[in-house]
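What follows is a single structure, written as structure tokens, with notes after it.
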Amino acid sequence: MRLITWNINSVRLRLDLVLRLLEEESPDVLCLQETKVVDDLFPRAAFEERGWGHIALAGMKGYNGVAIVSRLPIDAHDVHHWCGRQDCRHVVARLPGDIEVHNLYVPSGGDVPDPEKNEKFAHKLAFLDEMIAWWPTARRADDRLVVVGDLNIAPLENDVWSHRQMIDVVSHTPIEVETLTRMQRSLGFVDALRHFVPESEKLYTWWSYRARDWAASDRGRRLDHVWVTPPLAPALTAARVRRDARGWAPKPSDHVPVVVDLAP
DNA sequence: ATGGTAGCGTAGCTA
């Protein structure tokens with residue numbers, strides 16, 4: 001099974017790029033974040049016509065939004081909301097083979113890494129803390145789970161271009177790294193990308209739009225992740241980042257797809 | 001220290 005996660009930053013504006021990815025990679029399951037569209041206006045037909053006819057959505061107007069687009073039947077799906085909001089950041093699909101995919105869009109957290117001074121940062125930490133409490137009550141470490149998405153945290157030193165210069169920057173602060181690590185440990189999730197790419201190697205999935213030349217400066221961060229529970233870890237056969245998609249014309253997303261292959 | 005870009009939707013918020 002091939003599974004891809006991609007923060008698309010408007011699925012309607014970049015539908016042509018999504019279709020290009022489907023053509024090039026032919027994934028079984030594509031998980032999108034920041035679709036920025038209500039469910040009724042999601043471009044279903046484009047996916048259905050190409051064979052990805054099973055779709056689970058949680059979208060809203062203008063912001064956030066997650067989608068799971070699948071070639072495999074989706075037996076059931078759920079939408080979860082956190083922190084008392086209805087902000088469309090978590091959709092779940094159950095797939096054949098008793099695999100459950102959780103597609104997440106974790107709050108970005110604003111600019112100031114202090115929950116006392118910045119409500120957005122407090123929300124980001126609260127969102128993760130709620131999930132950390134929820135996982136062990138709702139699922140088991142021996143379930144066959146895949147957690148993907150834009151987690152908006154780069155946990156390892158080589159998940160950012162400069163650990164030293166990023167230590168006080170939201171996405172790489174110690175409190176965020178510690179919180180994300182606690183979520184990872186809540187069910188013993190295995191980091192699929194780092195299962196294949198050594199921690200000593202720089203690895204990014206996001207580059208700011210604000211750089212003059214994203215490729216030359218290469219000030220990236222690894223914000224997008226794929227985790228699996230221990231029963232699925234032996235099935236991992238490959239994981240890679242489609243860095244080239246950051247340059248796709250005419251208007252790339254600031255995130256690139258992460259591709260993971262699981263043996264049957 | 002600051003400003004740099006992008007999407008939605010048409011002002012200002014979010015990232």
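Chain letters run A, B, ... following the sequence lines, proteins first, then strands; residues in each count from 1.
- Following chains of ILVMFWY side-chain contacts shorter than 4.5 Å, one can reach A:Leu151 starting from A:Leu128, so the two form part of one hydrophobic cluster.
- Among the heavy atoms of the strands, none lies under 4.0 Å from A:Arg219.
- Comparing A:Gly110 and A:Lys61 by the nucleotide of DNA chain B whose heavy atom lies nearest to each, the residue mapping closer to the 5' end is A:Lys61.
- Shown here are the side chain to side chain donor-acceptor pair (under 3.5 Å) partners of A:Lys202, two or more places apart in sequence or in another chain: A:Asn158.
- With sequence neighbours left out, the salt bridge (charged side-chain N to carboxylate O under 4.0 Å, His left out) criterion links A:Glu24 to A:Arg20, A:Arg242.
- The same atom, C1', is picked in B:dG3 and in B:dA15; the two are 15 Å apart, to the nearest Å.
- Taking the nucleotide of DNA chain B with the nearest heavy atom to each of A:Tyr63 and A:Arg12, the more 5' of the two is matched to A:Arg12.
- Rounded to whole Å, the separation between the C1' atoms of B:dC13 and B:dG9 comes to 11 Å.
- Rounded to whole Å, the C1' atom of B:dT10 lies 16 Å from the corresponding atom of B:dT14.
- Residues satisfying the salt bridge (charged side-chain N to carboxylate O under 4.0 Å, His left out) test with A:Glu157, not counting sequence neighbours, are none.
- The same atom, C1', is picked in B:dA6 and in B:dA11; the two are 16 Å apart, to the nearest Å.
- Scanning for salt bridge (charged side-chain N to carboxylate O under 4.0 Å, His left out) contacts around A:Asp114 gives A:Lys117, with sequence neighbours left out.
- Partners of A:Arg89 by salt bridge (charged side-chain N to carboxylate O under 4.0 Å, His left out), not counting sequence neighbours, listed by chain and number: A:Asp87.
- Put simply, chain A comes within 4.0 Å of DNA chain B, heavy atom to any atom, from B:dG4 to B:dA15, going 5' to 3'.
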